[in-house]
Protein chains: 2
Amino acid sequence: MTDRSALDTLLGYGIHPSVQRIAIMDYLLTHRTHPTVDEVYVALNKEIPTLSKTTVYNTLRLFAEHGAALMLTIDEKKICFDGVVKPHAHFMCRRCGRLKDVELPEGAGTLQLDGADFMVEETHVYYKGLCRSCQEQPQA
Amino acid sequence: MTDRSALDTLLGYGIHPSVQRIAIMDYLLTHRTHPTVDEVYVALNKEIPTLSKTTVYNTLRLFAEHGAALMLTIDEKKICFDGVVKPHAHFMCRRCGRLKDVELPEGAGTLQLDGADFMVEETHVYYKGLCRSCQEQPQA
DNA sequence: ATTTGCATTGTAAACAATACAAATTTATAA
DNA sequence: TTATAAATTTGTATTGTTTACAATGCAAAT
């Protein structure tokens, strides 16, 4: 369980709550698996049989626009979402494809924006490589 | 012009050269615009009318796998490629969508991989926000 | 000259994501 | 409460990117 309820999270980000939005936010907060739109859709279809996939798309995009969730484009095959918005980095294994949270390196946020030509709103740091279990696994 | 020819770059990364691969690498090295597959395809169709888009997909993927190019998944709408493989970060403007190269912050490469659970092969750092000209532009 | 193997091509298919309009729900005001 | 407006959701149709795959081309090796 999370310390803040899904409803409170939505209200905190100025997002008007609805049954679908609460369910989707609750899923994000209780599943730290960086799910895709489809994974959220399939999982929530059990409790909300009328749920439309378009709603999941719209809602997750809405969350990301309000800063209530992160849209991760690390894997070129699929967009993932993260309910943990506290700054952190990610690691993706190129073999099993799993995404894991890792510490943000010191100084990553303090960008040398030569001449302040840019107004930074989001910082993304991630690594690709092989996770422990895939290193030990024999090659495919 | 680049100091290393496209051919030498391919050979340096152990990639068997061909007319198409040389042309695609040359395009990457002489156009620092982070092009998409389609942009490369359209541009090279003039010199190589028989070029297939599938070949561009395969070739750019091959380059990325051999470390001869970077595959950028910053923009969720399109995959971009970068012929500059020297470590650097990127900035993407959320309004005009342009990608720019920026300095890699100090320490971004030295990840605290608690327990060395991961073998890092690539490090990606990018920022999203508003570029100078889009800040000055009136809102849409 | 044949064979071998990789590269390329082009079509077909898969798939993710979006647009859109109808239907539903919720909020607001009379 | 009822009517009206606004917002949200739904489902289908569509778009566009990416991949799969089989056929073809090409060049080096035998």
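Side chains included, hydrogens not; waters and symmetry mates left out as well; all remaining heavy atoms used. Proteins get letters first, then strands, A, B, ... in listed order; numbering begins at 1 in each.
Checked against the 6.0 Å centroid criterion, the rings of B:Phe91 and B:Tyr127 do not qualify as a close aromatic pair. Proximity of the aromatic rings of B:His90 and B:His124 is defined here by a centroid distance below 6.0 angstrom, and this criterion is not met.
Under the 4.5 Å side-chain heavy-atom criterion for grouping Ile, Leu, Val, Met, Phe, Trp and Tyr, B:Ile48 is connected to B:Leu60 within one hydrophobic cluster.
B:Gln20 comes within 4.0 angstrom of sugar-phosphate atoms only, judged by non-hydrogen atoms across all strands, and of no base.
Between D:dT18 and B:Arg61, no contact under 4.0 Å exists linking OP1 or OP2 to a side-chain N or O. Under 4.0 angstrom from either OP1 or OP2 of D:dT10 there lies at least one side-chain N or O belonging to A:Thr50.
For B:Lys77, the side-chain atoms get nearest to C:dT18 when compared with the rest of D:dT10, C:dT8, C:dT18. Considering only side-chain atoms of B:Ser18, the nucleotide from C:dA17, C:dA7, C:dT9 that sits closest is C:dA7. Listed nucleotides: D:dT19, C:dA7, D:dT8. Nearest to the side chain of A:Arg21: D:dT8. Listed candidates were D:dT19, C:dT9, C:dT18. Nearest to the side chain of A:Tyr57 is C:dT18.
A donor-acceptor pair is defined here as one N or O able to donate and one able to accept, closer than 3.5 Å; no such pair exists between the side chain of B:Glu136 and the backbone of B:Ser133. Judged by distance alone, the side chain of A:Arg21 and the main-chain N or O of A:His16 form a donor-acceptor pair under 3.5 Å.
Distance A:Ile22 CD1 to D:dT9 C1': 15 Å, rounded to the nearest Å. Rounded to a whole Å, the NZ atom of A:Lys78 is 14 Å from the P atom of C:dC15. Distance, A:Lys53 NZ to D:dA13 C1': 15 Å, rounded to whole Å. Between the CD atom of B:Glu39 and the P atom of D:dT17 there is a distance of 11 Å, rounded to whole Å. Rounded to an integer number of Å, the gap from B:Asn45 CG to C:dT8 P is 15 Å. Between the P atom of C:dA14 and the CG atom of A:Asp38 lies a distance of 16 Å, rounded to the nearest Å. In this structure, CD of B:Glu76 is placed 22 Å from P of C:dC15, rounded to the nearest angstrom. The separation between A:Phe81 atom CZ and C:dA16 atom P is 13 Å, rounded to whole Å.
Applying the side-chain contact (heavy atoms from CB on, under 4.5 Å) rule to B:Ala68 yields the partners B:Tyr13, B:Ile15, B:Met25, B:Phe63; only residues at least two apart in sequence or on another chain are considered.
With salt bridges taken as basic N to acidic carboxylate O contacts below 4.0 Å, one links B:Arg61 and A:Glu76.
Mapping A:Pro17 and B:Thr55 onto DNA chain C by nearest heavy atom places B:Thr55 at the nucleotide closer to the 5' end.
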So which protein N/O to nucleotides 19-26 of chain C N/O distances come out below 3.5 Å?
{"residue": "C:dA19", "atom": "N6", "partner": "A:Thr54", "partner atom": "OG1", "Å": "3.4"}

